[in-house]
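Throughout, protein chains are lettered first and strands after them, A, B, ... in sequence-line order, and every chain is numbered starting at 1. Everything quoted here is computed from the prediction, not taken from an experiment. We use all heavy atoms of the structure for the numbers below, so side chains are in, but hydrogens, waters and symmetry mates are not.
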Amino acid sequence: MQYWLMKSEPDIFSINDLKNRPQQTESWDGVRNYQARNFMRDQMRKGDLVLFYNSSCKEVGIAGIAQVVKESHPDLSALDKESSYYDAKATQDEPRWYMVAIKWKKTFKRIISLAELKKYQELKDLKLLQKGNRLSIMPVSQNDFEFILNLE
DNA sequence: GCCAACGTTGGC
DNA sequence: GCCAACGTTGGC
């Protein structure tokens with residue numbers, strides 16, 4: 001079992017939105033970065049746990065936990081000309097972009113803010129905190145994951 | 001709104 | 001394959 005962090009702009013899709021979906025589940029469409037795609041396509045497995053991170057908003061930080069419930073499948077929003085995620089280079093045969101589905105598991109009682117996370121020496125290896133990291137999906141070590149759970 | 005840092009594109 | 005130019009991310 002592996003652990004991950006996934007970023008979302010809460011104004012666009014929040015952890016509450018996830019909780020309110022049918023089956024509290026959503027396919028993570030719209031990722032258009034190869035490294036992030038490769039994590040979803042090649043490494044994320046059913047049962048993996050995910051830190052749900054709020055980015056580009058008033059309170060940036062970790063909002064809760066989700067779980068991978070469906071492994072890699074094509075992100076067909078890339079084929080939809082009306083979608084802001086449209087990619088002219090994606091086709092039915094070569095979908096180019098892939099996603100996993102995650103299910104809501106827990107909303108933290110408080111947002112564990114980015115500023116707070118930065119304070120802990122224990123989290124110095126957390127990729128989120130490393131300089132210039134803009135990945136929207138990244139692996140998290142089991143130790144870091146458990147440390148963060150205990151901060152709530 | 002600023003801007004550092006990174007990713008992608010495309011000419012050569 | 002290099003690299004400049006451009007676009008995007010995302011914290012502040």
- For A:Tyr34 and A:Arg96, does a side-chain donor sit closer than 3.5 Å to a side-chain acceptor? yes
- Message: Quick one about A:Arg32 and A:Ser77 (side-chain donor to acceptor, distance below 3.5 Å, no hydrogens or angles considered), yes or no?
- Response: yes
Distance in angstrom units between [X] [atom1] and [N] [atom2], rounded:
{"X": "A:Tyr53", "N": "C:dG10", "atom1": "OH", "atom2": "P", "result": "8 Å"}
{"X": "A:Lys7", "N": "C:dG10", "atom1": "NZ", "atom2": "P", "result": "4 Å"}
{"X": "A:Asn33", "N": "C:dG7", "atom1": "CG", "atom2": "C1'", "result": "13 Å"}
{"X": "A:Asp87", "N": "B:dT9", "atom1": "CG", "atom2": "P", "result": "9 Å"}
{"X": "A:Leu135", "N": "B:dA5", "atom1": "CG", "atom2": "P", "result": "17 Å"}
{"X": "A:Lys131", "N": "C:dT9", "atom1": "NZ", "atom2": "C1'", "result": "16 Å"}
{"X": "A:Arg134", "N": "B:dA5", "atom1": "CZ", "atom2": "P", "result": "11 Å"}
{"X": "A:Lys127", "N": "C:dT9", "atom1": "NZ", "atom2": "P", "result": "21 Å"}

- Item | Proximity to the side chain of A:Lys118 - top-ranked nucleotide from B:dT9, C:dG10, C:dC12 |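 Of the options given, the side chain of A:Lys118 lies nearest C:dC12.
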- Taking a hydrophobic cluster as the set of Ile, Leu, Val, Met, Phe, Trp and Tyr residues connected by side-chain heavy atoms closer than 4.5 Å, whether directly or through intermediates, do A:Phe145 and A:Leu151 fall within one such cluster?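 Yes, A:Phe145 connects to A:Leu151 through the hydrophobic network.
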- Message: Taking any heavy-atom pair under 4.0 Å as a contact, classify A:Gln35: base, sugar-phosphate, or nothing.
- Response: sugar-phosphate
- Item | Sugar-phosphate only, base, or nothing, as touched by A:Lys58 at under 4.0 Å among non-hydrogen atoms | nothing
- Message: Testing the basics here: between A:Gly47 and A:Met1, what is the closest heavy-atom pair and its distance to 0.1 Å?
- Response: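 Heavy atoms of A:Gly47 and A:Met1 come nearest at O-SD, 3.1 Å.
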